[in-house]
Amino acid sequence: MGIFNAILGNASEVDLNNVSKEFEPILIDGENIEMAFKMVKDMFIFTNKRLILVEKQLVGSKVDYLSIPYSNVIKFSKESAGILDLDAELKIWIKDEAAPIVKQFGKGGNNINDVYKILSTHILK
């Protein structure tokens, strides 16, 4: 992850081998990580079964894991300058929650489109 993106809070893709080892204890049988992103200490993990949001405290060692089944995602959007975006914002609305989950994607990749495809694949079945 680039230091500039980390400072700005932009998401960067994470190596799946490293993430798989870390999250193996909380994955169920038949569940696989498809894509993972990190923002400073926080992460969001896309598996074939759910979205896992990981929030780590900046001070201390407390970690919050929020599992969202894809069936609870009611809509999602991306905002960018165009199809080949440089800076983009992802919004995910969860059933019974008024405010969306918002994640920023910085320059240097086409990650937002990959995330959009994963969400589309799992939600639009």
Side-chain angles (χ1 to χ4, degrees):
M1 176 168 77
I3 188 71
F4 188 65
N5 275 348
I7 292 169
L8 293 177
N10 293 329
S12 296
E13 194 165 359
V14 178
D15 184 307
L16 291 183
N17 291 326
N18 296 337
V19 174
S20 294
K21 291 175 188 172
E22 181 180 348
F23 289 89
E24 184 179 1
I26 66 168
L27 298 179
I28 63 170
D29 289 340
E31 185 174 21
N32 302 306
I33 296 174
E34 297 178 341
M35 188 171 277
F37 293 89
K38 185 171 187 173
M39 298 184 325
V40 186
K41 284 190 159 189
D42 297 343
M43 296 181 74
F44 51 111
I45 312 297
F46 292 90
T47 77
N48 58 324
K49 308 253 182 216
R50 60 185 159 161
L51 171 60
I52 304 171
L53 299 177
V54 182
E55 293 184 14
K56 296 181 179 180
Q57 287 184 344
L58 290 176
V59 178
S61 59
K62 185 176 177 182
V63 181
D64 180 43
Y65 298 90
L66 175 64
S67 292
I68 304 168
Y70 291 118
S71 61
N72 285 349
V73 176
I74 56 173
K75 63 182 176 179
F76 54 98
S77 70
K78 75 174 185 122
E79 181 178 323
S80 64
I83 297 297
L84 299 175
D85 46 62
L86 296 177
D87 288 315
E89 179 179 81
L90 175 70
K91 293 182 182 177
I92 303 170
W93 285 265
I94 307 302
K95 190 184 312 180
D96 299 327
E97 297 289 332
I101 296 166
V102 179
K103 300 293 180 186
Q104 298 294 324
F105 288 73
K107 297 178 181 177
N110 207 19
N111 297 341
I112 188 79
N113 291 325
D114 294 335
V115 169
Y116 207 78
K117 285 179 186 179
I118 286 179
L119 286 170
S120 296
T121 299
H122 291 293
I123 295 166
L124 302 176
K125 289 182 180 181

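In what follows, residues are counted from 1 in the order of the sequence shown.
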Quiz prompt | E97/K95 under salt bridge (charged side-chain N to carboxylate O under 4.0 Å, His left out): CA gap, chis, key distance, verdict | solution = CA-CA 6 Å; E97 297 289 332; K95 190 184 312 180; over 6 Å; no
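- When all heavy atoms of H122 and T47 are compared, the pair lying nearest together is NE2-O, 3.6 Å.
- With rounding to the nearest 0.5 angstrom, the CD1 atom of I74 is 10.0 Å from the CD1 atom of I123.
- The cluster map of Ile, Leu, Val, Met, Phe, Trp and Tyr, joined by side-chain heavy atoms under 4.5 Å apart, puts L53 and M35 in the same cluster.
- Across all their heavy atoms, L51 and F44 have their closest contact at CD1-CB, 4.2 Å.
- The aromatic rings of Y116 and F76 sit perpendicular to each other, their planes meeting at more than 60°, with 30° as the lower class boundary.
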Exercise. Check the pair D64, V54 against side chain to side chain contact (heavy atoms under 4.5 Å, CB included), reporting the backbone distance first and the verdict last.
Key: CA-CA 6 Å; D64 180 43; V54 182; over 6 Å; no
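- Residues N48 and I33 are not in side-chain contact: their nearest non-hydrogen atoms beyond the backbone lie 4.5 Å or more apart.
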Quiz item: Does the pair V73 and I94 meet the rule for a side chain to side chain contact (heavy atoms under 4.5 Å, CB included), with working shown?
Solution: CA-CA 5 Å; V73 176; I94 307 302; 3.9 Å; yes
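- Residues M43 and V19 meet the side-chain proximity criterion, which asks for heavy atoms closer than 4.5 Å.
- Hydrophobic clustering keeps L66 apart from L27 (ILVMFWY residues linked when any side-chain heavy atoms are closer than 4.5 Å, directly or through intermediates).
- In this structure, the side chains of I101 and I68 come closer than 4.5 Å at one or more pairs of heavy atoms.
- Transitive grouping of hydrophobic side chains (ILVMFWY, heavy atoms separated by less than 4.5 Å) brings V14 and Y65 into a common cluster.
- Going from atom OG of S77 over to atom CD1 of I92 covers 9.0 Å, rounded to the nearest 0.5 Å.
- Among pairs with a residue in residues 49-61, those fulfilling salt bridge (charged side-chain N to carboxylate O under 4.0 Å, His left out) read E22-K56, E31-R50, at least two apart in sequence or across chains.
- Nearest approach of A36 to I45, heavy atoms of both residues: CB-CD1, 3.5 Å.
- Residues that satisfy the side-chain contact (heavy atoms from CB on, under 4.5 Å) test with K117, not counting sequence neighbours, are absent from this structure.
- Classified by interplanar angle (parallel below 30°, tilted 30° to 60°, perpendicular above 60°), the ring pair F46/F37 is perpendicular.
- Closest heavy-atom contact between I52 and S67: CG1-OG, 4.2 Å.
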